[in-house]
Undergrad: 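I'd like to ask some things about the structure below.
Position 1 is the first residue of the sequence; numbering continues from there.
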Amino acid sequence: MLQSLRLSNKIADYRRIKNSENFFLCSAICSVGKALGSAVDDFGFYANFTGDNFAYLYSAEKGNPKNAPCDSGITNYFYNPAAVKKTFAAFGYDCIYISNGQIKKDPDAAMNAIKASVDSGVPVVAWGMGGVITRGGNRYDPLPEGCLIGGYGENGLLYVNLYLGPERLPEGSLDEYGYSSITNGLESTYGIFLAGKKSENADMGRLCQNAIDSIPGLLTLPPSENNYGHKYVFGKTAFETWACTLEDDSFFNDKAGDDSKAGDDSKAGDDSKAGEVCWNLHCSPYCCVCTSSANKFFNQVCGQYPEIKIAVKLQPLYKKMEDYKNEIWKLQGGFFPPMAEFREHEFRAQIAAVLRKMGGVCDGILAVFAGES
């Protein structure tokens, strides 16, 4: 199919995962779509079908004592193969799913499926990849984010495009095509996804309606624990827990440094400590909110599919969500707030007030669906 893009047993020319595309599974899926001829080059488009654009999450425990990450969306932390199958339909192909259990039962069959896809010029999506070692020496089995398998070698060797940039991978470990060499990485992957048959009549309007129909379930998910022992809450509860955390000084006193009591030589260290606290308790979930392109989705649906009446009612609410996200950005002067201000209760309370407004928008969204039922 795309033999000209291959070099030996690697796909040399493909859409690489970008660190800035924070929903990495969606980024990987977008790359497969491009290889199959899709004109869409927007990872956020596929986040409508995985649910990442509509799910808001935070640690179920106020103060996030286990440092549960929230930045990369719900698909990064909760394994749901059905979400991937929906996205393949969005670029007009069936999805072949091979689970970890199936891989372990017949590893040769899984490798043969990967080889056949790579030989046709189409990378394979893996949800999680084992055997990933960072520059600092940390090993992941698996690294949970989505990635691309774009080549293969002997004895279980895979060439994998990961979200981790070269600054976080062992020096010199990336080849010129952006691949890391990983052996036996499939042993702990959650599963792999390959393109199946091309759909004859893909109905994008129906797919968009299905994505919208999934929203109430994403906003009302019960507190849930993932494979890493992190427990999360969702929707309005996530925003309320986040706001309560920012308002509670006990999570910040003596934990975020205080450069007013230190000499110039220790200020950088104090700010670094404050930055770690800020990331775990605030910027990680804010990163997820910033990555969402739900407002863009509803603008497009309203213009292209006027028959989807509920989209017209929901669009102003997602515009509000976007406005509140921007209000926090303005308060902070960017994505990451100044540490001198973040240490102050009054500053964090301003952010908390906006977060509660976002929780109120979740109520408004659910009210629209209740009115439609």
Undergrad: Please answer whether the main-chain N or O of Ser59 pairs with a side-chain N or O of Asn64 as donor and acceptor at a distance below 3.5 Å.
TA: no

Undergrad: A quick test of your reading: do over 12 heavy atoms of other residues, nucleotides or ligands sit less than 6.0 Å from CZ of Phe78?
TA: yes

Undergrad: Using the benzene-type ring in the case of Trp, are the ring centres of Tyr58 and Tyr232 under 6.0 Å apart?
TA: no

Undergrad: Let me confirm one number: the NE2-CG distance from His345 to Leu246, rounded to the nearest 0.5 Å.
TA: 10.0 Å

Undergrad: As a quick check of understanding, evaluate side-chain contact (heavy atoms from CB on, under 4.5 Å) for Cys30 and Asp41, giving each step before the final call.
TA: CA-CA 7 Å; Cys30 185; Asp41 192 6; 4.1 Å; yes

Undergrad: In the structure I gave you, are the side-chain heavy atoms of Lys197 and Ser199 within less than 4.5 Å of one another anywhere?
TA: no

Undergrad: Taking all non-hydrogen atoms of both residues into account, name the closest pair between Arg139 and Asp141 and its distance.
TA: NE-OD2, 2.7 Å

Undergrad: State the CD1-CD1 distance between Ile98 and Ile192, to the nearest 0.5 angstrom.
TA: 4.0 Å

Undergrad: Does any N or O in the side chain of Ser180 come within less than 3.5 Å of the main-chain N or O of Leu174, such that one atom is a donor and the other an acceptor?
TA: no

Undergrad: For Lys66, is there an ion pair with Glu225 - N to carboxylate O distance below 4.0 angstrom?
TA: no

Undergrad: Just by distance, do the side chain of Asn161 and the backbone of Leu148 share a donor-acceptor pair under 3.5 Å?
TA: no

Undergrad: Is a salt bridge present between Lys309 and Glu372, judged by a nitrogen-to-oxygen distance below 4.0 Å?
TA: no

Undergrad: Do NZ/NE/NH1/NH2 and the carboxylate oxygens of Lys85 and Asp94 come within less than 4.0 Å?
TA: no

Undergrad: Please examine the side chains of Thr220 and Phe234, heavy atoms only from C-beta on, and report whether any two atoms are closer than 4.5 Å.
TA: no

Undergrad: Under the salt bridge (charged side-chain N to carboxylate O under 4.0 Å, His left out) test, which residues partner Asp248, sequence neighbours left out?
TA: Lys62

Undergrad: Check Cys362 against Gly235 and note the closest heavy-atom contact, atom names and distance.
TA: SG-C, 4.0 Å

Undergrad: State whether Glu247 and Arg348 are salt-bridged, where the test is any N-O pair (Lys NZ or Arg NE/NH1/NH2 against Asp/Glu carboxylate O) under 4.0 Å.
TA: no

Undergrad: Work out which heavy atom in Cys147 is nearest to a heavy atom in Leu162; give both atom names and the distance.
TA: CB-CD2, 3.9 Å

Undergrad: Any idea which heavy atoms bring Gly128 and Pro142 closest together, and the distance?
TA: C-CB, 3.9 Å

Undergrad: Does a side chain donor of either His230 or Glu61 reach within less than 3.5 Å of an acceptor in the other side chain?
TA: no

Undergrad: Hey, do the aromatic rings of Tyr286 and Phe335 have their centres closer than 6.0 Å?
TA: yes

Undergrad: Is the closest side-chain heavy-atom distance between Phe23 and Asn76 below 4.5 Å?
TA: no

Undergrad: Measure the shortest side-chain to side-chain distance between Lys236 and Asp363 over non-hydrogen atoms and say whether it is less than 4.5 angstrom.
TA: yes

Undergrad: To check you understand the geometry: which heavy-atom pair defines the closest contact between Leu169 and Ser173, and what is its length?
TA: CB-OG, 3.7 Å

Undergrad: Determine whether Met111 and Leu186 satisfy the following criterion, side-chain contact (heavy atoms from CB on, under 4.5 Å), listing intermediate values before the conclusion.
TA: CA-CA 9 Å; Met111 280 298 298; Leu186 293 183; 4.0 Å; yes

Undergrad: Going by the salt bridge (charged side-chain N to carboxylate O under 4.0 Å, His left out) test, which pairs reach into residues 161-175, not counting sequence neighbours?
TA: Lys10-Asp175

Undergrad: Can you tell me how far CD of Gln300 sits from CD of Gln315, rounded to the nearest 0.5 angstrom?
TA: 11.5 Å

Undergrad: Hey, does the side chain of Thr291 reach the backbone of Cys287 with a donor-acceptor pair shorter than 3.5 angstrom?
TA: yes

Undergrad: Can you get from Ile96 to Ile149 by hopping between Ile, Leu, Val, Met, Phe, Trp and Tyr side chains that sit under 4.5 Å apart?
TA: yes

Undergrad: Classify the angle between the aromatic ring planes of Phe193 and Phe88 as parallel (below 30°), tilted (30 to 60°) or perpendicular (above 60°).
TA: tilted

Undergrad: For the CZ atom of Phe49 and the OG1 atom of Thr87, what is their distance to the nearest 0.5 Å?
TA: 8.5 Å

Undergrad: Do you know which two heavy atoms are closest between Leu36 and Phe91, and how far apart they sit?
TA: CD1-CE1, 3.6 Å

Undergrad: Are Asp71 and Tyr77 close enough that a side-chain donor and a side-chain acceptor fall under 3.5 Å?
TA: yes

Undergrad: With under 30° as parallel and over 60° as perpendicular, where do the rings of Tyr179 and Tyr14 fit, or are they tilted in between?
TA: parallel

Undergrad: Kindly state whether the ring of Phe297 and the ring of Phe54 have centres lying under 6.0 angstrom apart.
TA: yes

Undergrad: Treating Ile, Leu, Val, Met, Phe, Trp and Tyr as nodes and any side-chain heavy-atom pair under 4.5 angstrom as an edge, say whether Tyr97 and Val84 lie in one connected cluster.
TA: yes

Undergrad: How about Phe342 and Phe252: are their ring centres within less than 6.0 Å of each other?
TA: yes

Undergrad: Would you check if Trp279 and Asn67 make a side-chain contact, meaning some heavy-atom pair closer than 4.5 Å?
TA: no

Undergrad: When you measure from the side chain of Ser224 to the backbone of Pro222, do you find a donor-acceptor pair of N or O atoms at a distance under 3.5 Å?
TA: yes

Undergrad: Using atom types as modelled and distance alone, determine if a side-chain donor or acceptor of Thr183 lies under 3.5 Å from a backbone N or O of Gly156.
TA: no

Undergrad: Is it true that the side chains of Asn48 and Asn53 contain a donor and an acceptor less than 3.5 Å apart?
TA: yes

Undergrad: Does Pro170 offer a backbone N or O that forms a donor-acceptor pair with the side chain of Arg135 under 3.5 Å?
TA: no

Undergrad: Starting at CG of Leu25, measure out to CD1 of Ile74 and round the result to the nearest 0.5 Å.
TA: 12.0 Å

Undergrad: Could you check whether any side-chain N or O of Ser27 sits under 3.5 Å from a backbone N or O of Phe24, counting only pairs where one atom can act as donor and the other as acceptor?
TA: no

Undergrad: To the nearest 0.5 Å, what is the distance between OG1 on Thr237 and CD on Glu240?
TA: 8.5 Å

Undergrad: Mind checking whether Met358 and Val289 have side chains closer than 4.5 Å, heavy atoms only?
TA: yes

Undergrad: Checking Ser117 side chain against Ile114 main chain: does a donor-acceptor pair fall under 3.5 Å?
TA: no

Undergrad: Considering only NZ, NE, NH1 and NH2 on the basic side and carboxylate oxygens on the acidic side, decide whether Asp323 and Lys325 come within less than 4.0 Å.
TA: no

Undergrad: Any non-hydrogen side-chain atom of Phe369 less than 4.5 Å from a side-chain atom of Ile310?
TA: yes

Undergrad: For side-chain contact (heavy atoms from CB on, under 4.5 Å), just list the numbers for Val122 and Val32, CA-CA rounded to whole Å, side-chain angles, deciding distance to a tenth of an Å, and then say yes or no.
TA: CA-CA 6 Å; Val122 181; Val32 172; 4.0 Å; yes

Undergrad: Would you say the side-chain atoms of Ser99 pair up with the backbone N or O of Gln102, donor to acceptor, closer than 3.5 Å?
TA: yes

